[in-house]
Novice: 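Take a look at the following structure, please.
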Amino acid sequence: MSVCNQNVFKKIYFRWNEPLQRFLQSKGMERSKTADLVQETFLRLWKNCAKVLPEQSKSFLFTAANNLLIDAYRQSQSRIKLQPRLPKTVSLEDGQYQFEMKEFQAHLEAAIDSMTPASKEVFLLHRFNEMSYQDIATSLGLSIKAVEKRMTKALKHLAVQIQDWGSK
Amino acid sequence: MQQEENILLSKWLAGTILPDELRALEQEVDLDRLAQVLEQQKQFELAVEPVETMWTDFELKIATTPSVEKKMPPQLPIFKWIIGLLLLLAFAIGAFYYLQQQPEKLITPPAAVATKIFAEGTKVALSPGSALAFKTEDWKKERTIQLQGQAFFDVTKGLPMFIHTEGGTIAVLGTQFDVWEMGAWMRVQCFEGKVKVSVGSEAKILGAMEMVFVNKNSLSLVSAFRETKPDWQRQERVFQKIPINLVLKDLERFYAIEFDASAVRLNDAFSGVLPTQDLDRALTYLTRSMNWQYEQQNKLIYLKPTAE
């Protein structure tokens with residue numbers, strides 16, 4: 001089946017849209033711009049659909065997104081925004097739980113945003129994009145050791161921040 | 001923190017930490033609390049735009065963007081076929097009368113060549129990604145051809161022949177010559193007989209084994225060459241100080257490839273000889289002399305500067 005087939009294309013679109021949005025955010029792209037860039041990325045795939053096999057579409061998409069990101073300027077000051085994963089296991093009426101979750105989310109966002117851009121990037125890719133150290137090393141052109149160093153720096157920063165969140 | 005401990009936390013997270021190292025780390029960091037927070041963090045994800053809404057926008061976008069592959073027509077019921085055939089017939093009759101007024105066209109796709117032999121014997125070999133347009137019924141008065149790209153002409157003696165390009169006009173009687181045009185840039189090589197190249201009010205006459213360049217409405221001095229065939233028929237491209245963007249377009253024409261040059265600067269000119277039948281060698285030579293690297297994904301070639 002060709003990528004030019006609209007059903008095949010739609011499947012690819014739905015499979016990789018969210019991972020691409022998160023990938024670009026992790027790499028420091030401002031959230032308001034990621035959607036446009038993701039559309040542009042898929043448009044590139046559409047224009048080249050005859051040249052790309054379905055199983056190659058993932059690497060095509062991520063390479064294209066990376067290139068577009070380099071074209072666009074890199075926003076190291078962008079702030080992240082988290083959302084609770086669905087489905088929720090706890091009932092929505094549980095006000096106390098909701099409140100704690102909201103508070104935790106705000107703390108976590110602030111902690112991540114105050115990391116150095118290099119460790120923030122690695123932390124986000126590893127924890128929110130399901131990328132292994134090896135994947136991150138390849139994607140950023142670093143050694144695994146360097147990725148581990150940045151991850152350690154991120155965790156250390158997080159451990160320090162936690163102390164200020166107040167004991168539970 | 002000491003050097004050795006630099007990656008202990010990431011080893012801890014990956015589960016590859018050694019017992020000794022763990023004991024040392026526990027002295028420094030509240031690991032239980034950190035593990036708890038990381039566990040809780042898993043309940044969150046980076047906020048994204050809803051994919052359904054994005055898809056609706058995207059469908060609108062691709063409705064106006066043709067993909068490279070042509071869509072298969074959907075199966076139609078038989079009566080629609082009949083109406084379709086009638087319409088096609090009406091269209092064909094109309095088109096027949098219309099086309100008699102229109103010039104004939106010969107177009108080569110990238111990586112393909114074609115030869116056109118005219119009734120009076122003139123032969124035109126068209127290089128990849130090029131186009132000819134002509135009206136043979138007018139040839140009793142005057143032989144006129146429009147050219148885009150590059151072609152080698154072997155013109156039979158007779159009425160004057162005029163080759164029109166964006167950069168200028170070439171007038172000939174009976175001769176062999178090659179025209180290579182890329183917009184405002186053009187090279188004309190005369191292999192036999194005489195040709196006249198005109199650009200605006202300027203004109204130069206070329207004898208056998210002489211060539212001239214046109215660049216932005218001005219003609220270069222006439223110079224001599226020794227080859228007996230144009231470069232593209234010798235399976236190579238000879239570039240002399242050609243702006244690099246034109247060189248890339250030319251390679252796209254010969255290899256049916258597409259460059260993504262968004263990561264490199266296209267200000268420089270390129271001089272050199274590139275093969276037309278060996279893509280790897282052409283790309284290696286080109287990128288090396290421009291200090292670039294390339295990455296190939298099927299027909300798409302990404303260019304990027306060489307890392308320091």
Side-chain angles (χ1 to χ4, degrees), chain A residues 2 4 6 9-10 13-14 17-18 21-22 25-26 31 34-35 38-39 42-43 46-53 56 59-60 63 67-68 70-71 80-85 101 104-105 108 124 126-129 133 141 145 147-156 158-159 162-163 165 168, chain B residues 1 3 5-14 16 25 28-31 33-38 40-55 57-63 65-72 256-258 260 262-263 295 297-300 302-304 307:
Chain A
S2 152
C4 297
Q6 189 132 355
F9 191 86
K10 189 172 176 181
Y13 187 94
F14 276 76
N17 184 307
E18 289 192 358
Q21 289 195 53
R22 298 205 171 95
Q25 284 179 43
S26 300
R31 207 166 76 85
T34 43
V38 167
Q39 299 288 53
F42 278 107
L43 207 59
W46 179 250
K47 285 181 186 160
N48 292 292
C49 66
K51 305 172 194 163
V52 182
L53 295 170
Q56 296 168 327
S59 70
F60 180 94
T63 312
N67 287 338
L68 285 167
I70 294 165
D71 295 351
I80 60 152
K81 175 87 188 131
L82 298 176
Q83 66 187 17
R85 272 183 208 272
M101 285 290 275
F104 178 83
Q105 180 183 335
L108 189 60
L124 290 174
H126 186 56
R127 300 296 296 179
F128 292 96
N129 294 265
Y133 293 162
K145 196 91 174 174
V147 173
E148 287 178 327
K149 273 188 188 167
R150 289 182 186 190
M151 189 65 195
T152 296
K153 226 174 141 195
L155 290 169
K156 208 159 167 39
L158 186 61
I162 293 169
Q163 292 170 357
W165 294 1
K168 46 167 196 109
Chain B
M1 207 166 216
Q3 272 305 39
E5 289 167 341
N6 260 345
I7 58 163
L8 283 190
L9 268 170
S10 62
K11 282 168 88 177
W12 165 76
L13 186 67
T16 56
L25 190 60
E28 252 184 275
V29 183
D30 183 351
L31 291 177
R33 179 90 172 99
L34 185 58
Q36 201 184 356
V37 166
L38 286 171
Q40 206 171 349
Q41 171 254 307
K42 285 188 190 160
Q43 295 178 36
F44 291 92
E45 56 191 8
L46 286 168
V48 292
E49 294 297 313
V51 181
E52 284 288 345
T53 341
M54 283 182 72
W55 173 251
D57 286 351
F58 192 77
E59 271 187 313
L60 281 175
K61 226 177 241 184
I62 60 175
T65 310
S67 63
V68 178
E69 189 180 87
K70 294 232 167 61
K71 302 269 167 53
M72 290 298 287
I257 51 173
E258 209 178 302
D260 183 334
S262 50
E295 205 181 292
Q297 280 185 354
N298 298 317
K299 292 286 177 189
L300 199 59
Y302 290 99
L303 297 175
K304 54 188 179 187

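Letters A, B, ... mirror the listed sequences (proteins, then strands); counts begin at 1.
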Novice: At a heavy-atom separation under 4.5 Å, does A:T34 approach chain B through its side chain, its backbone, both, or neither?
Specialist: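 Neither; nothing under 4.5 Å.
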
Novice: Under the rule for salt bridge (charged side-chain N to carboxylate O under 4.0 Å, His left out), what residues qualify as partners of B:K304, not counting sequence neighbours?
Specialist: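 In terms of salt bridge (charged side-chain N to carboxylate O under 4.0 Å, His left out), with neighbours along the sequence ignored, B:K304 is linked to B:E295.
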
Novice: Using salt bridge (charged side-chain N to carboxylate O under 4.0 Å, His left out) as the criterion, list what pairs up with A:E18, not counting sequence neighbours.
Specialist: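 Listed in chain order: A:R22.
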
Novice: Which heavy atom of A:T152 sits nearest to which heavy atom of B:L8, and what is that distance?
Specialist: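 That would be OG1-N, 4.1 Å.
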
Novice: Can a donor-acceptor pair be found between the side chains of B:E49 and A:Q21 at a distance below 3.5 Å?
Specialist: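 Short answer, no.
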
Novice: What part of A:R31 gets within 4.5 angstrom of chain B, counting heavy atoms only: side chain, backbone, both, or neither?
Specialist: side chain

Novice: Supply the atom-to-atom distance B:Q40 CD to A:Q105 CD, rounded to the nearest 0.5 angstrom.
Specialist: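 Spacing of CD (B:Q40) from CD (A:Q105) equals 11.0 Å.
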
Novice: For a salt bridge (Lys or Arg N to Asp or Glu O under 4.0 Å) check, start with the C-alpha distance between A:K10 and B:E59, then their side-chain angles and the critical distance, and finish with the verdict.
Specialist: CA-CA 9 Å; A:K10 189 172 176 181; B:E59 271 187 313; 5.5 Å; no

Novice: Please round to the nearest 0.5 Å and tell me the distance separating atom CZ of B:R33 and atom CG of A:L158.
Specialist: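 Going from the CZ atom of B:R33 to the CG atom of A:L158 covers 9.5 Å.
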
Novice: If you count heavy-atom pairs under 4.5 Å with chain B, which of A:L108, A:N67, A:V147 comes out on top?
Specialist: A:N67

Novice: Does any heavy atom of chain B fall under 4.5 Å from the side chain of A:F60, the backbone, both, or neither of them?
Specialist: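 Contact with chain B is through both the backbone and side chain of A:F60.
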
Novice: Any donor and acceptor pair, going by atom type alone, linking the side chain of B:N298 with main-chain N or O of A:K51 inside 3.5 Å?
Specialist: yes

Novice: Using side-chain heavy atoms (C-beta onward) and a distance below 4.5 Å, is B:L9 in contact with A:K153?
Specialist: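 They are not in side-chain contact.
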
Novice: Which atoms of B:L31 are under 4.5 Å from chain A, going by heavy atoms: the side chain, the backbone, both sets, or neither?
Specialist: neither

Novice: I need the B:D260 CG to A:L68 CG distance, nearest 0.5 Å.
Specialist: 8.0 Å

